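The model shown is predicted, which means the values in this text are computed figures rather than measured ones. Below, chains carry the letters A, B, ... as their sequence lines are ordered, and counting in each starts from 1.
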2 protein chains.
Amino acid sequence: MQTPGEFVREQVTTVRETVDRVAGSVAESVADAPSVASVSSQVGDFIREQRSAARVSLRELARAAGVSNPYLSQVERGLRKPSAEILASIARGLKISAESLYEQAGILDRRSGNPDTVAAIRSDEALSERHKAVLLELYETYVREHRAAAQTSSQPAAETRISKESA
Amino acid sequence: MQTPGEFVREQVTTVRETVDRVAGSVAESVADAPSVASVSSQVGDFIREQRSAARVSLRELARAAGVSNPYLSQVERGLRKPSAEILASIARGLKISAESLYEQAGILDRRSGNPDTVAAIRSDEALSERHKAVLLELYETYVREHRAAAQTSSQPAAETRISKESA
DNA sequence: CACCTCCGCTTGCAAGAGCTAGCACCCCGG
DNA sequence: CCGGGGTGCTAGCTCTTGCAAGCGGAGGTG
């Protein structure tokens with residue numbers, strides 16, 4: 001069905017649309033239940049949400065992450081708690097940061113607050129001014145998109161196919 | 001007056017090229033499905049170094065970390081690879097950040113560039129995980145370009161590699 | 001209908017994590 | 001001399017991880 005390459009392709013398309021301001025409601029709903037308690041053992045749910053959002057099958061992700069599909073299935077349903085390496089592999093396969101997975105697993109402490117991303121980019125000496133501008137513009141577009149997606153998913157949501165309220 | 005949007009629009013070509021390169025490397029790494037870092041012995045050495053530096057006995061650290069002393073011994077000598085939880089416990093017992101231990105374990109990637117910016121993007125709750133990944137890739141590519149441009153004598157950013165930038 | 005492929009899940013098994021108990025060695029105080 | 005307590009390491013065990021094989025079901029071809 002969908003190869004990892006196709007997945008990346010999709011992301012690229014998303015970026016292009018974003019940059020061009022086509023604003024075609026790309027809307028990946030990423031449910032990240034911020035201040036919900038009892039997050040600790042919900043890694044499996046989080047993984048499944050991310051995987052569904054990327055529209056990747058269990059077997060695809062398993063192959064991309066280098067784990068067996070039955071095991072990934074069990075991890076997603078919370079029957080197994082994967083080791084650090086496996087967790088990192090899955091994060092890699094999902095193309096999300098390993099930190100966020102670890103935070104979901106309750107292994108790393110959630111970094112608090114909003115260290116101002118904009119300020120960080122602006123004051124970054126390792127970037128040229130042009131690149132700063134591009135990054136900031138892209139960042140703001142993403143933020144808008146994310147906010148829009150969050151609102152859509154809280155509404156009855158005709159377009160969104162991933163339901164976050166399955167807790 | 002040039003709005004930021006127009007300015008970015010001018011840079012669209014640049015972004016596209018960059019994204020294409022990033023996508024290529026991402027696809028490579030995903031299709032690769034690498035065997036996730038040969039972990040063990042470095043972490044053990046690192047732990048033992050930290051423990052000796054803190055003048056803490058093996059049993060003491062084991063008690064502080066909530067693991068058995070023989071097991072900690074085996075971990076330090078690389079005979080066992082501890083789970084993420086145990087690793088975090090040990091980090092807590094050593095009073096060092098879990099991230100640094102994880103980086104030593106090769107479980108978390110050390111990113112290039114300004115750690116503040118990276119941390120800001122990663123911990124930004126207004127971004128989806130996938131957008132974080134895209135922004136980080138783009139950011140690192142820019143950093144590499146900038147660095148290459150600074151060093152006019154070296155080769156100009158010929159290859160885009162994903163993470164694992166050797167410091 | 002049979003036949004194929006992919007989906008996710010269940011089942012048994014090898015390998016390894018992590019524990020308790022016990023080893024040998026060292027330095028002090030009787 | 002003999003405890004007693006400190007260091008780290010070894011042996012054996014239990015339980016989990018993670019995999020290969022196989023299950024029934026959904027969807028597409030002929």
Side-chain angles (χ1 to χ4, degrees), chain A residues 1-7 40-41 43-94 98 101-102 104-107 161-163 166, chain B residues 33-94 98 101-102 105-107:
Chain A
M1 168 88 82
Q2 192 188 37
T3 69
E6 285 169 354
F7 166 69
S40 46
S41 67
V43 209
D45 293 338
F46 182 73
I47 292 175
R48 181 155 290 192
E49 283 172 13
Q50 293 294 317
R51 182 172 64 80
S52 308
R55 279 160 298 179
V56 178
S57 80
L58 190 147
R59 281 182 151 90
E60 279 294 327
L61 174 58
R63 206 172 312 132
V67 302
S68 71
N69 49 90
Y71 186 63
L72 180 57
S73 166
Q74 290 169 318
V75 166
E76 286 189 350
R77 285 176 299 146
L79 303 182
R80 296 272 199 273
K81 56 177 190 176
S83 72
E85 296 172 16
I86 300 286
L87 223 45
S89 293
I90 293 175
R92 232 171 267 221
L94 279 172
L101 255 191
Y102 284 7
Q104 285 289 326
I107 293 167
R161 70 179 62 79
I162 313 299
S163 64
S166 59
Chain B
S35 54
V36 187
S38 54
V39 184
S40 42
S41 58
Q42 310 172 351
V43 204
D45 293 340
F46 182 73
I47 292 176
R48 180 153 288 192
E49 282 173 16
Q50 293 295 316
R51 182 172 63 80
S52 313
R55 314 241 168 209
V56 179
S57 78
L58 190 146
R59 280 183 153 87
E60 236 176 308
L61 174 57
R63 205 179 317 125
V67 300
S68 70
N69 49 89
Y71 184 63
L72 180 56
S73 166
Q74 288 170 319
V75 166
E76 285 189 351
R77 284 175 299 145
L79 301 183
R80 295 275 195 272
K81 26 184 176 179
S83 72
E85 297 170 4
I86 299 285
L87 224 44
S89 294
I90 293 175
R92 223 172 295 131
L94 279 172
L101 250 192
Y102 281 33
I107 292 168

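Phosphate contact (OP1/OP2 of D:dG18, side-chain N/O of A:Ser83, threshold under 4.0 Å): present. Phosphate contact (OP1/OP2 of D:dC9, side-chain N/O of B:Ser73, threshold under 4.0 Å): present.
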List every contact pair, protein side and nucleotides 13-15 of chain D side both N or O, where the distance is under 3.5 Å.
none

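For the pair B:Ile47 and B:Leu61, the minimum side-chain heavy-atom distance is below 4.5 Å. Between A:Leu58 and A:Arg48, some side-chain heavy-atom pair lies under the 4.5 Å cut-off.
Sorted by first then second residue, the side chain to side chain donor-acceptor pair (under 3.5 Å) pairs that include residues 59-74 of chain B, not counting sequence neighbours, are B:Ser73-B:Arg77.
Rounded to an integer number of Å, the gap from CG of A:Leu72 to P of D:dT17 is 14 Å. One interatomic measurement links the two molecules: NZ of B:Lys81 to C1' of D:dG18, which rounds to 11 Å at whole-angstrom precision. Remark: P of D:dA20 and OH of A:Tyr71 are 14 Å apart, rounded to the nearest angstrom. B:Gln74 places its CD atom 14 Å from the P atom of C:dG16, with the value rounded to the nearest Å. For the pair B:Leu79 CG and C:dC19 C1', the interatomic distance rounds to 16 Å; values are reported in whole Å. Between A:Arg77 atom CZ and C:dT10 atom C1' the separation is 8 Å, expressed in whole Å.
Residue B:Arg51 places its side chain closer to D:dG8 than to any other of C:dC9, C:dG18, D:dG8.
Residues of residues 54-70 of chain B that place a heavy atom closer than 4.0 Å to DNA chain C, in numerical order, are B:Gly66, B:Val67, B:Ser68, B:Pro70.
How far CZ of A:Arg92 is from CD of A:Glu85: 10.5 Å, rounded to the nearest 0.5 Å. A distance of 10.5 Å separates CG in B:Asp45 from OG in B:Ser52, rounded to the nearest 0.5 Å.
Across all their heavy atoms, A:Ser89 and A:Ala65 have their closest contact at CB-O, 3.2 Å. Smallest separation of non-hydrogen atoms from B:Ala64 and B:Gly93: CB-CA, 4.3 Å. The shortest non-hydrogen separation linking B:Tyr102 to B:Ala84 is OH-O, 2.7 Å. Between B:Leu72 and B:Ala62, the shortest heavy-atom distance links the atoms CD2-N, 3.6 Å.
Considering only residues two or more places apart in sequence or on other chains, A:Arg80 meets the side chain to side chain donor-acceptor pair (under 3.5 Å) condition with none of them. Not a single side chain to side chain donor-acceptor pair (under 3.5 Å) links B:Glu49 to another residue, sequence neighbours left out.
Counting only Watson-Crick or G-U wobble pairs whose defining distances are both under 3.5 Å, the stems of 3 or more consecutive pairs in DNA chain C are C:1-28 with D:3-30.
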